[in-house]
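What follows is one structure encoded as structure tokens, with my remarks underneath.
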Amino acid sequence: MNGASKASSSLDAVGYDPIEHLNTIFSHPSTLTLIGSTAAALHKHQDDLSASISALEAAQAQSDESSLQRMQSAKEELAELFSKIESVRTRAIETEQTITSMTADIKRLDGTKRNLTLSMTALKRLQMLTTAYEQLRGLAKSRQYKECASLLQAVLQLMRHFNSYRSIDQIATLSRNVAELQRELLEQVCEDFEISFAKGEVATKKGVLSEACLVMDALGENARARLVTWYVNTQLREYRQVFRGNDEAGSLDNIGRRYSWFRRMLKTYEDEHAGIFPIQWRVNEVLANAFCEGTRDDFKGILERSMRRPDGGKIDVNLLLSCLQETMDFEQSLEKRFASEPRESIDTLSSVEEKPHTFDRSISEAFEPYLSLWVESQDKQLATMIPKYRNQPLLPHDEEFSSQAVIPSSIELFHFYKTTLAQCAKLSTGERLLDLSKTLAKYLDEYAQQVLLYFLQAPGVATLENTILVLNTADYWHANTQQLEDNLKKRIDSELAPKVDLSSQCDTFMGVASAAVLALVHRVEVHCEPSWREMRNTNWSKMESVGDQSSFVAELLRYVNSQAEETLPMVAKAQYARAFCDNLVEHLANTYIANIVQCRPISEVGAEQMLLDKYVLTKGLTTLLSHSTTAASSSTTAQAGFVKRVNQSMARLDPLLKTLQVRPYPPEGLVQAYLIHIGDRSDTNFRKILELKGVRKQDQPSLVEMFGMHRDGKSNEHLVAMSPLLTPLMNAGGIGSGGLGLGAASALGAASGIPNLQTRFDPAGFGEKLFSAARDGVERMGTPSSSAVGDRIGSPLSEDAKAAVEGNLKSIGKFFRRDMSGFGSIGGRFGGSNG
């Protein structure tokens with residue numbers, strides 16, 4: 001039974017598989033006994049299915065017949081419904097026709113009523129208009145202006161209702177009568193004003209005139225404008241007669257009388273006439289505008305005639321400025337009096353978009369074309385200030401030195417610039433302000449070159465304290481020049497702002513700062529000369545063994561550290577302290593190389609001793625920056641960066657000294673050492689090494705020949721043409737003529753700015769040596785050399801020379817400004833060859 005039941009349930013499955021089913025039922029030979037019961041269960045299930053299908057077919061046949069009957073019945077009902085709808089539509093049409101015929105008469109009655117209402121309204125308005133017109137005529141004759149004003153408004157408002165009826169003769173006549181009455185009222189009020197003012201009866205008739213203004217208000221804008229224009233012309237008639245007809249009274253010398261006269265006029269208006277005119281008419285402001293326009297035209301004529309004087313003279317600048325300032329004060333007083341909002345300060349540097357004001361430049365506009373005279377006067381004044389600053393002491397005798405102080409003249413010049421800029425911005429924000437910006441830029445360059453650089457190069461002036469003052473001043477002006485440019489761009493007209501550019505002056509002051517840093521470095525070099533002399537006096541070719549550091553190294557480090565301890569605490573900014581240290585290390589490295597050249601011949605032991613001295617010197621120089629008192633210089637990051645810089649600079653000596661350490665025999669060893677350490681293809685440079693080692697002339701050709709053989713091998717294709725380390729050592733009197741030491745020293749001295757190593761440093765020529773870096777472009781450009789530029793310190797430069805020096809200073813300044821955070825990076829550029 002269980003097998004049959006299971007088979008029955010499995011037969012109804014969707015994915016029925018008979019083989020799988022049979023395998024399930026007869027999974028064991030012992031189940032074969034169930035075949036009979038299973039077959040019987042299957043036959044029974046088949047019979048049940050057949051019976052169920054037959055029952056369903058019978059039920060379906062009966063259902064189809066019932067559906068046909070229902071469809072037939074629905075069609076009959078639908079036809080009956082359409083019939084009823086048509087009947088209703090027919091009755092609706094008949095009803096509509098009946099209603100239309102019933103309401104036609106009512107519509108005609110409504111139209112008649114509406115027309116009658118309109119006619120009655122129009123008739124009533126016509127009656128009111130006629131009555132008001134008659135009353136208005138009577139009031140006008142009796143000059144009852146207050147009543148006239150209100151009644152006139154009513155008449156004009158009623159008259160607008162009849163604009164479409166003017167084709168009717170009676171309405172057209174009435175319209176003409178109203179217009180004529182308006183004209184009569186206008187003329188009558190104007191006549192009353194003229195008579196009252198002519199006879200001086202304004203005070204007694206103030207009430208009548210005030211009411212008459214109400215009539216003018218009702219008559220419209222044109223009537224008000226006519227009355228106000230008459231009043232303004234009447235009040236200004238005396239002004240025009242006095243100041244236009246009289247050359248003395250109308251001259252620029254008497255400009256104050258004009259403004260005093262008008263202030264009295266305004267007071268008269270406030271005291272006597274303000275009560276006549278309505279406040280919203282702003283008659284006093286119209287009067288002020290007319291006065292300003294007339295005065296501006298007067299000034300234009302006066303100034304134009306002054307420029308065309310037969311004697312060819314120009315307007316006195318002081319008089320021009322005095323008149324202009326007085327005019328602007330007058331305009332500002334009018335602005336404060338009439339502007340609805342307080343006027344913004346014209347001295348606010350941050351104000352970019354100021355609101356336009358009614359009286360701003362309403363008169364002073366006449367002066368603007370002549371402001372170039374004022375700009376010229378500022379140019380002349382600045383031209384006298386620069387020589388004065390040059391002759392002043394850097395620090396007044398009664399003031400103590402401060403490491404953060406600047407030269408007093410720089411503060412005075414900045415104040416002058418600030419005042420001049422504010423004054424010009426009041427006068428003009430157009431072309432004249434642009435002209436002033438160019439003048440200011442011109443004298444920024446003059447101050448940098450003729451004052452700051454002069455103090456650096458004048459004999460006996462460039463002391464440590466003075467050099468620090470120049471450095472601080474250059475930095476002060478570098479920052480303020482950028483602010484000056486920003487303020488100019490805020491004040492000048494927007495279309496001219498792109499033409500304002502003081503970046504060149506910023507670079508110039510940064511160039512002066514770099515020159516001051518180099519001046520501090522040269523002060524240290526002066527004290528190092530005895531140590532270098534001791535090095536040159538040592539016989540490096542006869543050394544038998546390498547000992548401790550050479551005696552000159554300890555003395556050199558003592559000099560350098562003592563000078564750094566004195567100088568760095570005075571340098572207020574970390575970037576300049578770092579620049580000083582970097583330049584000093586770079587100059588010492590260059591000087592070491594130059595002295596190596598002068599110590600020839602150098603034995604292998606001597607070269608090894610020099611290398612040891614270099615290591616000691618490098619270690620001693622890594623502590624230089626610690627003498628600075630600025631927090632930024634004392635940071636761990638700054639110290640680590642400086643140590644890395646020192647190692648890089650001094651490592652330039654290693655290739656030369658390591659090559660000199662190798663014996664000339666066997667020759668292959670020296671050639672290979674040169675190719676590894678120096679790494680170039682130059683026969684000339686290889687000969688320099690031979691000269692430094694003291695190789696005899698007759699032995700050099702074979703070494704050079706072997707160098708050529710190894711150099712041209714495939715393994716040395718990476719070699720450069722000329723080593724940057726040895727190239728500065730080459731000159732006309734160099735290797736070939738046995739003058740290696742002098743030639744190399746001269747070349748290095750020219751490149752680095754250090755004094756000639758053959759002679760003691762000459763302080764008298766310090767200025768020219770200091771600025772050789774800035775002036776080296778003069779000769780290359782075809783302009784006079786440094787000696788021709790000025791035979792004595794302080795002599796004025798020629799224009800070509802000044803341009804060349806200025807260009808070099810700007811280039812130096814651009815380099816400094818490019819990396820202010822790593823200010824010490826200038827060392828390689830200003831210290832000579834990087835190697």
Side-chain angles (χ1 to χ4, degrees), residues 1-111 113-114 632 635-641 643-644 647-648 676 679 713-720 818-819 821-822 825:
M1 286 296 294
N2 292 336
S5 176
K6 187 175 181 181
S8 177
S9 61
S10 298
L11 292 172
D12 295 333
V14 177
Y16 175 72
D17 187 358
I19 303 301
E20 183 181 356
H21 195 183
L22 289 173
N23 290 333
T24 302
I25 295 173
F26 304 108
S27 60
H28 193 269
S30 61
T31 58
L32 296 177
T33 57
L34 300 175
I35 293 177
S37 59
T38 300
L42 290 174
H43 285 300
K44 183 179 181 302
H45 182 66
Q46 182 178 4
D47 292 341
D48 291 342
L49 289 177
S50 298
S52 176
I53 291 172
S54 299
L56 290 173
E57 288 178 348
Q60 183 62 38
Q62 186 178 0
S63 174
D64 290 344
E65 184 177 355
S66 176
S67 296
L68 291 174
Q69 291 176 357
R70 287 196 299 272
M71 290 177 61
Q72 186 63 30
S73 176
K75 289 181 179 179
E76 293 175 355
E77 291 175 358
L78 189 59
E80 184 179 356
L81 178 60
F82 282 146
S83 176
K84 290 181 180 180
I85 291 173
E86 183 63 25
S87 176
V88 170
R89 190 177 70 83
T90 302
R91 288 198 299 272
I93 293 173
E94 293 175 355
T95 303
E96 182 183 3
Q97 291 174 351
T98 303
I99 293 173
T100 300
S101 61
M102 292 173 62
T103 58
D105 294 337
I106 297 175
K107 289 182 179 179
R108 284 195 295 272
L109 289 174
D110 287 341
K113 180 181 178 181
R114 186 168 53 254
S635 66
T636 305
T637 304
Q639 293 289 344
V643 170
K644 181 179 180 181
N647 290 328
Q648 288 176 346
I676 292 173
K714 292 185 178 180
S715 60
N716 293 318
E717 292 179 352
H718 62 281
L719 298 177
V720 299
R818 187 172 62 192
D819 188 12
S821 61
S825 62

If I take atom [atom1] from residue [X] and atom [atom2] from residue [Y], how far apart are they, to the nearest 0.5 angstrom?
X: Ile19; Y: His21; atom1: CD1; atom2: NE2; answer: 11.5 Å
X: Ser27; Y: Leu22; atom1: OG; atom2: CG; answer: 11.5 Å
X: Thr90; Y: Ile85; atom1: OG1; atom2: CD1; answer: 11.5 Å
X: Leu78; Y: Ser73; atom1: CG; atom2: OG; answer: 11.0 Å
X: Leu49; Y: Lys44; atom1: CG; atom2: NZ; answer: 10.5 Å

Donor-acceptor pair, distance only, cut-off 3.5 Å: does the side chain of Ser52 make one with the backbone of Asp48?
no
Give a yes or no on whether the backbone of Gln46 and the side-chain of Ser50 come within a donor-acceptor separation of less than 3.5 Å.
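Checked: pair present.
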Test side chain to side chain contact (heavy atoms under 4.5 Å, CB included) applied to Thr95 and Ile99, Ile93, Thr98, the passing residue
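Passing option: Ile99.
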Can you list the residues that meet the salt bridge (Lys or Arg N to Asp or Glu O under 4.0 Å) rule with Lys644, with sequence neighbours excluded?
none
Quick one: salt bridge (Lys or Arg N to Asp or Glu O under 4.0 Å) partners of Asp17, sequence neighbours excluded?
none
Quick one: list whatever passes side-chain contact (heavy atoms from CB on, under 4.5 Å) with His28, sequence neighbours left out.
Ser30, Thr31
Counterpart residues, side-chain contact (heavy atoms from CB on, under 4.5 Å), relative to Leu719 (two or more places apart)
Leu675, Arg681, Arg711, Asn716
Any pair counted as salt bridge (charged side-chain N to carboxylate O under 4.0 Å, His left out), so long as it reaches residues 90-102, sequence neighbours left out:
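Found none.
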Beyond-backbone contact of Leu81 with Glu77, side-chain heavy atoms, under 4.5 angstrom
no
Does NE2 in His43 sit with more than 12 non-hydrogen atoms of other residues, nucleotides or ligands closer than 6.0 Å?
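For His43, atom NE2 is not crowded (no more than 12 foreign heavy atoms under 6.0 Å).
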What residues, two or more places apart in sequence or in another chain, satisfy side chain to side chain donor-acceptor pair (under 3.5 Å) together with Glu86?
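Listed in chain order: Arg89.
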Criterion side chain to side chain contact (heavy atoms under 4.5 Å, CB included) on Ile53 and Glu57, from CA distance to verdict
CA-CA 6 Å; Ile53 291 172; Glu57 288 178 348; 3.8 Å; yes
Where do Phe26 and Leu34 come nearest, in terms of heavy atoms and distance?
CE2-C, 4.2 Å
